[in-house]
Amino acid sequence: MKKMLTVGLLASMAVSMAACASNNNNNTASPSASGASPSASASASASQPASSAAPSDASKKISISAIEGTWLSPVPSDTGGGLKKINEKFNVEYKPQFVPYEEYSSKLPVVMAAGDLPDVISIETVDSNFVKWAKQGAFLPLNDYIDKYPTLKAVPKNVWDAVTIDGKIYAIPQYFPSKYGKKPIIRKDWLDNLGLAMPTTYEELEKVAIAFTKDDPDKNGKDDTYGFALSKQLVYGAAMGAAWDIGWYNKNAEGQLIPGIISDGFKEQTQFLANLYKAGALHKDWAVSKSTDVGKDFFAGKYGIWYEQAYSMGGDQFKTLKELSPTAEVVVIPPFKQADGQQGFTAGQGYYIVTALNAKMKGDEDKINRILQMQDYFRTYIPFDQRNPQNPDYDWQNGGVNVAYEMVDGLPKSIPAGADERPGRYYKVAQWAETDEATEPYKTYADPTARAFAQASVDLLKNTKFYVDPVYRIHSEVLAQKGSELEQIAKEWQTKMIVGQEPISSWNKMVDEYMKKGGKDLIDEVNKLLADAGIQGEWK
Amino acid sequence: MRHKGTLSGRLTDGLNVVLLGLLALLMLLPFYYIFVVSFVDAKEFSSSELILWPKNWVSDAYAYILSSKEFIRSMGVTIYVTALGTLVNLVLTATMAYAITRNIWGQRFYVFLVLFTFIFSAGMIPTYLIVKETGLIDSYWSLILPAAINPFNLIVMRQFFMGIPDELNEAAVIDGANDLQIFAKIILPLSKPAIAAFGLFYAVLNWNTYFGAILYLNDPTKWTVQVVLRQLVILNDQDTLASAARDAALAGELPPSETIGMAAILLATLPILAVYPFLQKHFAKGVMLGSVKG
């Protein structure tokens with residue numbers, strides 16, 4: 001009896017929420033699912049499109065298997081209440097298999113090769129394997145389904161391009177903001193302590209970094225700070241704009257786009273870092289330091305300049321920083337003005353994790369639509385201010401207030417013991433925000449310093465221009481095969497240049513080696529693919 | 001060369017002892033660091049000074065781990081797999097090693113088969129296919145059977161058995177013993193050091209079972225302690241996009257701190273470490289096994 005009541009309650013919640021969502025999305029013209037009878041689509045028009053395909057087939061219980069990588073620890077147990085709730089809500093038997101991400105890249109190819117493929121496959125990024133499998137026909141083309149689901153329709157063209165091969169869309173990209181990834185950050189309080197202005201050129205940045213090293217910016221009387229934080233493999237480097245970044249922005253003498261790593265902009269950056277190293281403003285051990293460790297040291301108050309993102313960063317590191325240095329203030333360094341007059345950062349790829357469907361399902365419209373309904377439901381954006389028990393969807397996805405989460409100071413906080421009661425833990429996709437600003441990253445942090453940093457970053461970046469790197473939108477085989485190897489070659493040279501083992505004047509030798517070992521083919525192929533597809537790099 | 005009694009001889013000895021002692025201490029340093037960090041509190045750790053002696057000793061990390069179902073359960077799995085696996089390893093290795101020392105039909109062929117796998121391995125995907133087709137996916141046997149006999153250990157054990165004088169065999173045959181009796185009553189008792197040494201080799205291998213568990217066990221409740229351990233340790237070590245995506249929809253579901261990783265490493269190492277002292281003397285002998293052909 002009680003169970004019946006719960007099911008009924010959930011159903012009514014779903015419907016009421018659905019109506020709400022369709023208003024938000026202004027999507028009154030409900031797309032009729034293929035195979036749905038006219039009456040069915042008519043009756044569904046009032047409710048959310050996600051469930052509009054339902055009436056004709058919702059009574060059929062469908063078994064859906066999935067494989068995905070996870071960062072969750074411990075991984076969700078397969079007996080949790082959250083899974084049961086999913087099964088009830090969507091009338092499915094959902095069988096997700098979770099593999100820790102460190103091993104996912106080994107396990108997935110084995111599962112693929114063994115022909116064991118589940119119905120839904122999630123992949124961290126579009127890599128050479130993804131392209132290979134798609135070309136071999138492992139994944140279901142989704143072109144015909146996109147328009148039926150609002151959260152799929154909301155994906156911009158340049159992001160679809162990343163998962164499109166020969167005109168067929170092979171996966172659903174999951175949300176990640178293209179603007180609010182890692183950006184260069186600086187200790188504003190150190191600038192103020194030393195009476196310095198925010199740097200706007202590499203010369204000024206160099207002066208600031210050296211002053212941060214030599215002039216005791218934290219006023220503790222000890223020589224214990226470094227101006228600039230760098231980690232091995234130049235993970236974040238020192239790019240203060242698209243022209244200095246590793247993306248494909250600069251052009252060579254023939255007018256071809258070239259990878260940033262061999263561009264003049266990158267050379268300038270390398271020169272800058274070499275100067276800093278010489279002046280002692282880089283840590284002597286940077287070339288062997290992991291970026292996580294360097295990051296920790298930044299938030300322990302040892303460095304003046306580093307990289308951090310406003311979106312979904314955890315926030316605890318700022319708490320640590322504040323405890324160790326109470327006056328700390330961290331802000332993003334605005335992009336420098338480039339020689340071509342532009343000023344802005346490189347945009348991120350605009351997604352993280354793609355979800356593909358097994359090609360074997362072809363023709364099984366009920367199943368395909370059921371899977372996409374689930375995707376659409378969990379991808380539907382819940383604005384931050386509605387993330388509370390009053391929002392039935394939020395409450396349901398998070399396992400119920402005071403069971404799996406509680407409200408503390410107006411922010412939801414998870415109750416670890418109830419983790420497996422949360423459907424959202426079993427179906428972990430990012431909600432698709434209409435704009436990057438809509439994610440309101442600053443609202444998500446409880447810690448005031450983190451909040452202030454996120455707020456300031458958004459204020460700065462929402463009006464900053466971003467360069468959309470065209471290379472993500474095509475699929476170059478040479479890039480997939482040789483890209484990282486070539487990058488490695490260049491980075492080795494650059495590391496040597498920064499620590500002074502090679503002079504910067506060896507730059508052309510580096511470029512020669514890069515070109516000889518496959519760089520030439522890479523550039524030719526990428527430029528040809530871009531020309532064929534009519535895609536160019538663009539500022540947004 | 002030792003020059004007992006002479007001053008320079010004693011000096012050299014003394015110097016050796018000191019230097020080697022220091023070298024041995026150096027090996028202990030990582031363990032010491034892990035030990036110390038597992039007891040510091042989060043705040044002291046985040047100051048990122050080198051910690052040689054914690055200001056406050058806190059055992060929060062241990063409390064967290066020991067209260068987590070996953071760790072305890074995976075520890076149970078590992079102990080089970082290690083005990084059962086080592087038994088299977090030893091029985092199969094010893095019997096086969098003995099068999100191929102006998103002059104039986106096709107002996108060379110069997111030795112060749114073993115040597116072949118020694119040099120060429122099938123690779124991950126064919127192995128996975130075999131495990132799958134034999135229905136071992138999601139069974140603990142998938143961790144035990146594919147590597148039931150380690151060809152190197154088999155060859156070394158065969159050498160050891162060959163070192164036992166053939167006359168013993170002949171005497172036993174005259175006394176009316178069959179092959180099985182000879183093996184059980186004569187060969188095995190004579191081979192205790194070898195059994196102990198290989199038991200230890202196998203136990204360590206089984207204890208470290210990691211990749212097999214990831215590959216063949218789809219059910220997370222069956223994972224071994226190394227898988228869980230790796231999650232505890234590695235999750236702290238991710239930077240990049242992923243760290244953001246890992247973030248839960250809710251605040252508060254944060255990855256455990258480094259101290260928890262360190263505590264987990266200690267807890268996962270201790271049991272197998274505890275086995276060593278008991279087998280140490282056999283182990284030292286075991287290293288010499290098969291080095292001289294009898």
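Chain A is the first sequence line, chain B the second, and so forth, proteins listed ahead of strands; every chain is numbered from 1. What's counted below: heavy atoms across the whole structure, side chains too, no hydrogens, waters or symmetry copies.
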Using a 6.0 Å cut-off, check whether atom CZ of B:F152 has over 12 heavy atoms from anything other than its own residue. no
Between A:P109, A:A114, A:G348, A:P76, the one whose heavy-atom pairs under 4.5 Å with chain B are most numerous: A:A114
In terms of heavy-atom proximity below 4.5 Å to chain A, should B:I130 be classed as side chain, backbone, both, or neither? neither
Can you tell which of B:T221, B:D219, B:L215 has the highest number of heavy-atom pairs within less than 4.5 Å of chain A? B:L215
Please round to the nearest 0.5 Å and tell me the distance separating atom OH of B:Y128 and atom NZ of A:K107. 5.5 Å
Atom CZ of residue position B:F118 - does it have more than 12 heavy atoms of other residues, nucleotides or ligands inside 6.0 Å? yes
Take atom NZ in B:K222; do more than 12 heavy atoms of anything else shown fall under 6.0 Å from it? yes
Applying side-chain hydrogen bond (donor to acceptor under 3.5 Å, both in side chains), name anything that partners A:S325, two or more places apart in sequence or on another chain. none
Chain B heavy atoms under 4.5 Å from A:S106: which part of the residue, side chain, backbone, both or neither? both
In short, A:F98 meets B:W223 closest at the heavy-atom pair O-CH2, 3.4 Å
Honestly, the part of B:Y210 sitting under 4.5 Å from a heavy atom of chain A is side chain
side-chain hydrogen bond (donor to acceptor under 3.5 Å, both in side chains) filter on A:S457, not counting sequence neighbours, yields none
For B:L129, is it the side chain, the backbone, both, or neither that has a heavy atom closer than 4.5 Å to a heavy atom of chain A? side chain
